[in-house]
Amino acid sequence: MNCLSPSILSADYSILGEQLKQLDEAGAQYVHIDVMDGSFVPSISIGLPVIKTIRKCTERMFDVHLMIDEPVRYIDDFAAAGADIITVHAEACKHLDRTIEAIKEKGILAGVALNPATPLSAIEYVLPKVDMVLIMTVNPGFGGQKLIPYTVDKVRDLKALLEKTANKADIEVDGGVNLENVETLLAAGANIIVAGSAVFSGDIEENVKGFLNIMM
Ligand code: DX5
Ligand code: ZN
């Protein structure tokens with residue numbers, strides 16, 4: 001199934017609860033939550049207390065994207081805060097397999113993310129264990145960047161690899177996704193669409209509906 005996962009990195013944090021309601025009412029299935037540590041990526045964003053608080057505002061799936069070094073240290077905490085999916089970066093884990101197992105032990109969905117320059121071969125052997133692969137379509141760290149064109153080929157290659165092995169994992173794309181390029185990404189094989197600035201600039205509900213019209 002195709003799902004929209006608006007990234008609240010671009011939200012107005014002074015009215016975050018209201019904006020989450022708007023996303024919900026417009027039909028966005030997931031909420032994408034970007035956690036940045038100022039080490040794995042240059043920025044620092046939000047963390048556990050915010051996730052715990054907004055868990056009361058919506059029942060939608062919390063799609064937590066950890067851009068932090070050695071996320072294995074915090075899996076229990078993010079699961080307890082209300083994550084439904086935890087995605088870790090292959091580049092940030094010394095022991096990726098162990099980290100995926102730690103997520104699965106919590107009874108939630110496990111995702112693995114790859115930076116644009118990281119080859120698919122980095123996750124080949126763990127693919128049967130993961131529920132979702134996140135292909136970064138920009139270098140992580142900031143909202144509002146332009147999609148890097150070669151990452152579309154990577155989505156296509158991942159889709160082919162998953163089909164070859166009859167693997168039903170979801171393919172998520174994140175970074176620079178907008179109403180103009182989303183169709184290309186869907187055609188390449190992506191089915192979970194993250195969008196930050198394209199959802200939160202202007203009328204949120206109208207933007208969500210615009211995406212869902214193309215996706216559904
Ligand atoms: C980037 C984050 C994204 C970001 C996307 O490091 O992982 O989720 O919020 O923002 P846009 O859609 O504006 O590129
Ligand atoms: Zn993200």
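Just so it is clear, the values below take in all heavy atoms, side chains as well, and ignore hydrogens, waters and symmetry mates. Each residue takes its place number in the sequence, starting with 1. For ligands, and for the atoms within them, numbers begin at 1 and follow the listed sequence.
H65 and D63 share no donor-acceptor pair across their side chains, judged by distance under 3.5 Å alone. Of the N and O atoms on the side chains of S7 and D34, at least one donor lies less than 3.5 Å from an acceptor on the other residue. Of the N and O atoms on the side chains of N2 and N191, not one donor lies less than 3.5 Å from an acceptor on the other residue. A side-chain donor-acceptor contact under 3.5 Å links S14 and D12.
Within D174, the N/O/S atom positioned nearest the Zn ion (ligand 2) carries the name OD2. Looking only at N/O/S atoms, D34 comes nearest to the Zn ion (ligand 2) through OD1. Nearest N, O or S atom of H65 to the Zn ion (ligand 2): atom ND1.
The ligand atoms of ligand 1 that sit less than 4.0 angstrom from a heavy atom of M67 are 6 (O), 7 (O). Close approach of ligand 1 to G175 (heavy-atom distance below 4.0 Å) involves ligand atoms 14 (O). Atoms of ligand 1 lying under 4.0 Å from at least one heavy atom of M36, given by number and element, are 6 (O). Near H32, with a cut-off below 4.0 Å to any heavy atom, the atoms of ligand 1 are 8 (O). Less than 4.0 angstrom separates some heavy atom of P140 from each of these atoms of ligand 1: 6 (O). Less than 4.0 angstrom separates some heavy atom of H65 from each of these atoms of ligand 1: 7 (O).
Heavy-atom separations between A195 and ligand 1 include at least one value shorter than 4.0 Å. Ligand 1 lies within reach of D34, whose nearest heavy atom is under 4.0 Å from it.
Checking only distances, G144 does come within under 3.5 Å of ligand 1, N or O to N or O. Checked against a 3.5 angstrom limit, the closest N/O atoms of S197 and ligand 1 fall inside it. The N/O atoms of G196, backbone and side chain alike, include one that comes under 3.5 Å of an N/O atom in ligand 1.
At least one donor-acceptor pair under 3.5 Å links the side chain of N167 to the backbone N or O of L127. Remark: side-chain polar atoms of D174 are not paired, donor with acceptor, to backbone N or O of M136 under 3.5 angstrom. The main-chain N or O of A117 is never found under 3.5 Å from a side-chain atom of N115 such that the two would form a donor-acceptor pair. No side-chain donor-acceptor contact under 3.5 Å links N181 to the backbone of V177.
Of the protein's heavy atoms, G176 N, 2.8 Å lies nearest to atom 14 (O) of ligand 1. For atom 3 (C) of ligand 1, the nearest protein heavy atom (residue, atom name, distance) is D174 OD1, 2.9 Å. Looking at atom 6 (O) of ligand 1, its nearest protein heavy atom turns out to be G141 N, 2.7 Å. Nearest protein heavy-atom contact of atom 1 (C) of ligand 1 is F142 O, 3.5 Å. The protein heavy atom nearest to atom 9 (O) of ligand 1 is S7 OG, 2.8 Å. Here the protein heavy atom with the shortest distance to atom 10 (O) of ligand 1 is G143 CA, 3.5 Å.
Of all heavy-atom pairs between I68 and V35, the closest is CG2-O, 3.8 Å. Across all their heavy atoms, D153 and R156 have their closest contact at OD1-NH1, 2.9 Å.
Open room surrounds OH on Y74; 12 or fewer heavy atoms of other groups in view lie less than 6.0 Å from it.
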From CA spacing to verdict: side-chain contact (heavy atoms from CB on, under 4.5 Å), I214, E183
CA-CA 7 Å; I214 300 172; E183 228 161 346; 3.9 Å; yes

